[in-house]
Amino acid sequence: MTCDIKLDLIASTEAMYANSLNDGALFYSYENSKEVQDYINKNVIKEVITQALKYKSFSVNFQPKFDLKLGVIYGAEALARLYVNGQHYSPAVFVNYLEKCGRVPELDYLILEKTIDFIKINNIYDVVFSVNVSSESIACETFKKKFRAILTENDMIKNLELEIIESIASEHKNAVISFITEIRNDFGVQISLDDFTTGNSSMILLSEFRFDCIKLDRSLFNAMHNNDKFKRSVKNLIKEIRNKK
């Protein structure tokens with residue numbers, strides 16, 4: 001008996017027992033337990049996500065980036081989406097699950113692979129395509145090996161950008177900086193910092209690496225509303241970032 005099956009049996013038993021106590025009943029139907037139904041639904045979602053990763057069923061939506069001054073599209077961000085049998089699964093659901101089981105690097109690579117295929121099939125080389133890569137992926141040797149291999153195989157692609165999430169775990173910081181430095185030098189890939197805030201981790205990253213693009217987190221703009229002092233602080237921060245570049 002595997003560990004997963006044991007956990008399934010324990011969870012099912014506990015759910016039935018809890019419900020029988022709450023209702024004061026001598027017998028309780030397994031199927032009627034809310035806890036059990038929630039448990040079943042949760043495991044159905046896990047199976048859907050696992051199968052989607054295995055058979056590469058995740059799709060990619062490209063969110064355009066506009067240059068407000070010129071009024072043109074200058075880039076697009078690749079976003080992972082999951083639709084199965086007409087059912088939409090939120091990224092918050094499948095990313096959370098993949099993080100817990102340590103499989104985010106597989107999703108990151110799949111989205112990278114599909115983005116490169118899209119660029120080649122549609123012959124689009126004048127727009128920069130951004131792909132999100134987690135620090136967990138960069139800390140994964142298998143991911144890094146496959147990443148370098150696919151870029152070597154597709155060395156004609158020069159319009160690729162990696163978006164690094166600002167909230168990099170401290171234990172991954174050195175690995176991240178080392179990897180993105182190599183990728184930029186070896187393949188000419190642009191590197192951007194996503195969800196930038198005024199936190200200490202953000203400033204440390206800025207001091208140790210020169211990013212091609214820095215995307216300010218929405219929370220900064222929300223905080224500027226009716227707060228002139230904070231607005232001035234953000235403007236000074238933007239000025240400082242530009243000077244570093």
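Just so you know, residue 1 is the first one in the sequence shown, and it goes up from there.
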_Hydrophobic clustering (ILVMFWY, side-chain heavy atoms < 4.5 Å, transitive) - are Met156 and Leu151 grouped together?_
yes
Check whether Val48 and Tyr97 end up in the same hydrophobic cluster, where Ile, Leu, Val, Met, Phe, Trp and Tyr are linked by side-chain heavy atoms less than 4.5 Å apart. yes
Q. Are the side chains of Arg103 and Thr50 in touch, meaning some heavy atoms are under 4.5 Å apart?
A. yes
Apart from Val72 itself, members of its ILVMFWY cluster (side-chain separation under 4.5 Å) are Leu70
> If you count the non-hydrogen atoms of other residues, nucleotides and ligands that lie under 6.0 Å from NZ in Lys235, is the total more than 12?
Replying inline: no
Those residues at least two apart in sequence (or on a different chain) that pass side chain to side chain contact (heavy atoms under 4.5 Å, CB included) with Ser233 are none
Residue set satisfying side-chain hydrogen bond (donor to acceptor under 3.5 Å, both in side chains) with Gln51, at least two apart, ordered chain then number -> Glu47
Here the pair of heavy atoms bringing Ala78 nearest to Val131 is CB-CG2, 4.4 Å
Residue pairs passing the side chain to side chain donor-acceptor pair (under 3.5 Å) test with at least one member in residues 73-83, sequence neighbours excluded, are Glu77-Asn132, Glu77-Lys215
>> Using a 3.5 Å distance criterion without hydrogens, assess whether the side chain of Ser178 forms a donor-acceptor pair with backbone atoms of Asn174.
In response: no
With sequence neighbours left out, the residues meeting side chain to side chain contact (heavy atoms under 4.5 Å, CB included) with Ser192 are Glu161, Glu163, Cys213
Separation between CD1 (Ile150) and OH (Tyr109), nearest 0.5 Å, reads 3.5 Å
The salt bridge (Lys or Arg N to Asp or Glu O under 4.0 Å) partners of Glu141 (sequence neighbours excluded) come to Lys144
Query - Side chain to side chain, Ile49 and Tyr89, heavy atoms closer than 4.5 Å - result: no
Would a 4.5 Å heavy-atom cut-off, applied to side chains only, mark Arg184 and Asp186 as touching?
no
From the list Ile180, Ile157, Asn159, Ile183, side chain to side chain contact (heavy atoms under 4.5 Å, CB included) with Val189 holds only for Ile183
One should read off an interatomic distance between Asp108 CG and Lys146 NZ, to the nearest 0.5 angstrom, of 11.0 Å
Sorted by chain and number, sequence neighbours left out, salt bridge (Lys or Arg N to Asp or Glu O under 4.0 Å) with Glu182 holds for Arg148
Pairs under 3.5 angstrom only: tabulate donor-acceptor contacts from the side chains of residues 116-126 to other protein residues two or more places apart or in another chain.
from, atom 1, to, atom 2, distance (Å)
Lys120, NZ, Asn154, OD1, 2.8
Asn122, ND2, Phe118, O, 2.9

Applied to residues 53-62, the salt bridge (charged side-chain N to carboxylate O under 4.0 Å, His left out) test, sequence neighbours excluded, yields Lys56-Glu113
Salt bridge (Lys or Arg N to Asp or Glu O under 4.0 Å) filter on Lys114, not counting sequence neighbours, yields none
Smallest heavy-atom separation, Ser137 atom then Phe143 atom, equals O-CD2, 3.2 Å
Q) Are Ile73 and Phe129 in one and the same hydrophobic cluster, where Ile, Leu, Val, Met, Phe, Trp and Tyr link if side-chain heavy atoms are under 4.5 Å apart? A) no
Ser90 meets the side chain to side chain contact (heavy atoms under 4.5 Å, CB included) criterion, sequence neighbours left out, with Ala92, Val93
(message) Is there a continuous path of hydrophobic side-chain contacts, each under 4.5 Å between heavy atoms, that joins Val128 to Ile214?
(response) no
- Under 4.5 Å between side-chain heavy atoms, hopping through other hydrophobics if needed: is there a path connecting Leu112 to Leu110? yes
Contacts of Ala80 meeting side chain to side chain contact (heavy atoms under 4.5 Å, CB included) (sequence neighbours excluded), chain-then-number -> Phe94, Leu107, Ile111
Requested in this report: Report yes if some heavy atom in the side chain of Phe187 is under 4.5 Å from a heavy atom in the side chain of Leu160; otherwise report no.
Outcome: no
* Ile138 side chain reached by Phe147 side chain, heavy atoms, under 4.5 Å -> no
Under a 4.5 Å cut-off applied to non-hydrogen side-chain atoms, are Lys65 and Ser130 in contact?
yes
dist Cys140:SG -> Phe179:CZ (nearest 0.5 Å) comes out at 10.5 Å
Heavy-atom closest pair (Val104 atom, Ser134 atom, distance to 0.1 Å) is CG1-OG, 3.3 Å
Distance col, row Phe209:CZ vs Ile191:CD1, nearest 0.5 angstrom, shows 5.5 Å
In this structure, CG of Asp194 is separated from CG of Leu162 (nearest 0.5 Å) by 12.0 Å
